Every structure is written in C-alpha cells, then in structure tokens.
Amino acid sequence: MSVDGETERLKTEADEPGWEVDPDDEWGLAVIATVGRQLRLRREAVGMRVADFGRAVGYGEDMVRKIESGKRIPQPGYLDKGDEVLGAGGLISAMREDVAKVRYPKQVRALAEMEAKAVEMQLYDPLNIHGLLQTPEYARALLLMRRPAYTEDEVERFIAARVARKSVFDRDPAPELGFVLEEWTLRRPLGGKAMLRRQLEHLLETAQLRNVELQVMPMDRDEHAGVAGSIEVLKFKDGSVVGRSPAVANGRPVSEPRQLRILELRYGIIRAQALTPRESATFVEQLLGAT
C-alpha cells in the first residue's frame, strides 16, 4: 500500500494505546471475541490472507491477528474499512456500537448507562471538579497524577469513557443536572494555569445551559453537610431513584427509601449552604480573571 510512491507505515499496538480488552469484563470479552470471529470468517470467505487484509485496512499483520482472536478492541475506522474491503454491506460497521461500549472500563460503563436514562441528576464531588464537567485535558492531568500510576492504556480508556459520558448534555429532552463544586477545586492549578483557565471557561459555558445548575461551595463556610463525601442521586422517568455515596452502603448504588432520604437530605443542605447559581457564575468569572 503506498501513497505518492512511498510505502505507508502500517499501524501497530504502539499507535493505539488503550484498546486492550479488560480481562475481568466477561461481557466485553464475549463481544470482542464475536466481532473478531466474524471478521476472520468474512476474510476467509473472500479468500484474503491476513497480510493482504492488513495492508488493505492499514494495519500490521500482528494487529489483525490479535483483533481476530479477540485480544484487541478494533477501532471504529478499522471496522468501517474492513466492512468496505470485505464487501460486508454494513454488517461489520454495525458492530461499532457494542464495540465502543467495551472499550470503557466495566464500572464506568455501568455508571454511563444509568446516566443515559436519568431525567434528573444531583451531583456533588468534594475532591475534584465533577467528571461530567471536566475538559479532556483536565481529566488527563488528573489521571496522570494517580498513584500508583495508571498505565498509558488505562489512562486512554478512562479518558475515552469520561468523554463518552458527556453525551448526557446532548440528549433531547435534556435531563436536569445539578452540580455543587468545592471552591478549592476551582483554585488548584492542576496541569498548570493555562489548563485551569480552559477548565473555568468550560464551566461558565456549561452553566449557561438551561438544564444545568452549577453551584460553588465557598471555603469560608463554617458549616458543611458534605464532609462525609461525594453524593450522586439519579432520578428516572418511571419515578425510581438510585443514589450513591461512600458514606452509605460503602459506595454501592442504593435504591432503598431510607438510604435515599439521607442522601437527598444531605444534598439539599449542601445546595442551601453553597452560593446560588448566579452567585456561583460570578464567582467563577472572578477566579478566571485572577488566573
């Protein structure tokens, strides 16, 4: 395969970090094994060798074998090109949706599925700017600071998952989203001041959405109902509710009314103690001006 007379370098694992299958994700392993098997059967049905197929889609032979054996997650472009090369009529490209879900860590995927169905979310994180509000650059900075360190593959997987969760902002009808942020998370220049500026600008843009209420908890408050940790309360169309907090049921999702009452009570008090949405926007603007 050549471009302007020069041989095009075929992609290897080093070109695509973060596309390994989680060995503890049984559903993911099954999906990728099925996709790989379908790719292999279709390639063999048209009588194409692994090396020839690899050159046609722009991948090295080793990568093709790993994808066909279920050891690597194929990228969307790989599936689309493979569909075209093998004349599959869209059947291979149609696997993109399930394959995309597999790339995200299992626990993140479960959270994203709940967020995708919620009609209202009440969210408080005392340690960081909430994941749904983070820019990709800010998210990467946080992940790279983790100790013991994540591998580059793990970092890429978590970033991809976090970005995918942001589709919640694009839903129609849009869910009602409430965030309470700690002032100190907005002042801490993780990744440098330039990155913090971009993050603060993103918060102001998000706060302008009609379905989003963003509040800041100032550091000078002498009372704070959130000292027990983060809170997530997700409400669904059928009236059901799921909550989560490290202070309740060891952080496992709960739906029992008594436990949910505790979480909603705490979140309500936190909101009352924080700045109003309008005051919060002004506060973030002032921080941005001083950064």
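Predicted, not measured: the structure shown is a model, and the values here were computed from it.
Between the CZ atom of R165 and the CG atom of L132 there is a distance of 4.5 Å, given to the nearest 0.5 Å. If you take CG on L143 and CD on Q134, they are separated by 7.5 Å, rounding to the nearest 0.5 Å. The CZ atom of F236 lies 11.0 Å from the CD atom of E120; values are rounded to the nearest 0.5 Å. Once rounded to the nearest 0.5 Å, the distance linking CG of L196 with CD of Q199 reads 7.5 Å. Rounding to the nearest 0.5 Å gives a distance of 7.0 Å between CG of L190 and CG of N128. Distance check: L29 CG to I32 CD1 gives 8.5 Å after rounding to the nearest 0.5 Å.
The stretch residues 217-228 participates, sequence neighbours left out, in these side-chain hydrogen bond (donor to acceptor under 3.5 Å, both in side chains) pairs: Y124-H224, E182-H224. Here side-chain hydrogen bond (donor to acceptor under 3.5 Å, both in side chains) pairs that include residues 270-284, with residues two or more places apart or in two chains, are E213-R271, Q215-R271, T276-E279. Applying the ring-ring contact (aromatic ring centres under 6.0 Å, His included) test to pairs two or more places apart or on separate chains, those with a residue in residues 160-183 are H130-F179. Residue pairs meeting the salt bridge (Lys or Arg N to Asp or Glu O under 4.0 Å) criterion with at least one partner in residues 191-200, sequence neighbours excluded, are R197-E201. The ring-ring contact (aromatic ring centres under 6.0 Å, His included) analysis of residues 134-156, with sequence neighbours excluded, yields the pairs Y150-F158.
Annotation: side chain to side chain contact (heavy atoms under 4.5 Å, CB included) contacts of R187 (sequence neighbours excluded): E183, M219, F283, L287. Applying the salt bridge (charged side-chain N to carboxylate O under 4.0 Å, His left out) rule to R65 yields the partners E61; only residues at least two apart in sequence or on another chain are considered. Partners of E137 under the salt bridge (charged side-chain N to carboxylate O under 4.0 Å, His left out) rule, at least two apart in sequence or in another chain, do not exist in this structure. With sequence neighbours left out, the salt bridge (charged side-chain N to carboxylate O under 4.0 Å, His left out) criterion links R40 to E44. Checked against salt bridge (charged side-chain N to carboxylate O under 4.0 Å, His left out), E264 has the following partners two or more places apart in sequence or in another chain: K235.
Between L186 and L203 there is a side-chain heavy-atom pair separated by less than 4.5 Å. A heavy-atom distance below 4.5 Å is not found between the side chains of M121 and V233. Between L86 and I92, the closest side-chain pair of non-hydrogen atoms falls below 4.5 Å. With contacts defined as side-chain heavy-atom distances shorter than 4.5 Å, the pair V35/L79 qualifies. Residues Y78 and R96 fail the side-chain proximity criterion, which asks for heavy atoms closer than 4.5 Å. Looking at M217 and L181, their side chains never come closer than 4.5 Å, going by heavy atoms from C-beta outward. No side-chain heavy atom of L10 sits less than 4.5 Å from a side-chain heavy atom of V57.
Hydrophobic cluster membership of I269, counting Ile, Leu, Val, Met, Phe, Trp and Tyr whose side-chain heavy atoms lie under 4.5 Å apart directly or via other members: L265.
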What donor-acceptor contacts under 3.5 angstrom involve side-chain atoms of residues 246-257, with partners at least two apart or in another chain?
unit_1, atom_1, unit_2, atom_2, d
R252, NH1, A249, O, 3.4
E256, OE1, R258, N, 3.1
E256, OE1, Q259, N, 3.1
E256, OE2, R258, N, 3.4

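With respect to the salt-bridge test (charged N to carboxylate O, under 4.0 angstrom), the residues E152 and R140 qualify.
Contact between G54 and V64 at its shortest, heavy atoms only, is CA-CG2, 3.7 Å. Contact record, V102 with W27: CG2-CZ3, 3.7 Å, taken as the closest heavy-atom pair. Considering every non-hydrogen atom in both E154 and T151, the closest pair reads OE1-N, 2.8 Å. V242 approaches L260 most closely through the heavy-atom pair C-CD2, 4.0 Å. What you find for D83 and L91 is that their closest heavy atoms are OD2-N, 3.2 Å. When all heavy atoms are compared, the tightest approach of A141 to G191 is CB-CA, 4.3 Å.
A donor-acceptor pair under 3.5 Å links the side-chain atoms of S245 to the main chain of S230, judged by distance alone. No donor-acceptor pair closer than 3.5 Å links the side chain of W184 to the backbone N or O of P218. Judged by distance alone, the side chain of D238 and the main-chain N or O of S240 form a donor-acceptor pair under 3.5 Å. A donor-acceptor pair under 3.5 Å links the side-chain atoms of R171 to the main chain of A116, judged by distance alone.
A chain of hydrophobic side-chain contacts below 4.5 Å, direct or via other Ile, Leu, Val, Met, Phe, Trp or Tyr residues, connects L275 to L177. A chain of hydrophobic side-chain contacts below 4.5 Å, direct or via other Ile, Leu, Val, Met, Phe, Trp or Tyr residues, connects V168 to M114. Two different hydrophobic clusters hold M195 and I159 under the rule that ILVMFWY side chains link at heavy-atom gaps under 4.5 Å. L234 and L263 are assigned to two separate hydrophobic clusters, defined by single-linkage of ILVMFWY side chains at heavy-atom distances under 4.5 Å.
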Checklist entry - Yes or no on side chain to side chain contact (heavy atoms under 4.5 Å, CB included) for D98 and M95, after CA distance, side-chain angles and deciding distance? => result CA-CA 6 Å; D98 283 339; M95 301 177 185; 5.9 Å; no
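Atom NZ of K166 has more than 12 heavy atoms from other residues, nucleotides or ligands within 6.0 Å. At most 12 non-hydrogen atoms from other residues, nucleotides or ligands lie less than 6.0 angstrom from CZ of R261.
Between E68 and the choices R37, R43, R42, the salt bridge (Lys or Arg N to Asp or Glu O under 4.0 Å) rule is met once, by R43.
No hydrogens or angles considered: a donor-acceptor pair under 3.5 Å links the side chains of S93 and D80.
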